[in-house]
Engineer: 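Pasting a structure below so you can have a look.
If you're wondering where the values come from, they're calculated on a predicted model, not measured in any experiment. We count ligands from 1, going down the list as the structure has it; atoms in each ligand are counted the same way.
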Amino acid sequence: MEYIQSEKQKGECIFCQVLNMPDGPENLVVHRGSRAFVILNRYPYTSGHVMIAPMAHLASLEDLDVATRSELMELTTAAMVVLRREYRPHGFNIGLNIGEAAGAGILDHVHMHVVPRWAGDTNFMASLAGTRVLPESLEDTFNRLKKAWEER
Ligand SMILES: [Zn+2]
């Protein structure tokens, strides 16, 4: 019974679903490593907002083995390098939301957010009363990051 439940949850998980699709602007997967992958956030906070998640459907950092946790951090660092070169951000917000109380959107599959930031970007958005206006389409961001990742 426990097995059936976990398989069902896995089937509904967006991260597990995209891994079964070919990589491109549809599934937004920018790069696949051996234990973790990089995906563009469909609802980005800023342009270039990516997430790094393990291939395995696991809920928290302490559920991962050392190799997977290391790759998660290496891909996080690589994402910073690529974003810095391609988008010239002034800073980054990087982190994990673990559990509903912490604001995690997807509870069962741990993922690291990498959000490039520019001076004044929140002030600008606040002035638009919560409306997020992004300077480029998701598909354009995907194509830019994919190309930059391959050239890295
Ligand atoms: Zn999953």
Engineer: Under a 3.5 Å distance rule, please check whether Arg152 uses its side chain to pair with a backbone N or O of Val82 as donor and acceptor.
Structural biologist: no

Engineer: Please indicate whether Glu62 has more than 12 foreign heavy atoms, meaning atoms of other residues, nucleotides or ligands, lying under 6.0 Å from its CD.
Structural biologist: yes

Engineer: I want to check a possible cation-pi pair here: Arg144 against Tyr87, using under 6.0 Å from ring centre and within 45° of the ring axis as the test.
Structural biologist: yes

Engineer: Kindly give the atom name of the N, O or S atom of His109 closest to the Zn ion (ligand 1).
Structural biologist: ND1

Engineer: Can you give the angle Cys13 SG - the Zn ion (ligand 1) - Cys16 SG, rounded to 10°?
Structural biologist: 120°

Engineer: What is the name of the N/O/S atom in His57 that sits closest to the Zn ion (ligand 1)?
Structural biologist: ND1

Engineer: Are Phe15 and His111 an aromatic pair by the rule of ring centers under 6.0 Å?
Structural biologist: yes

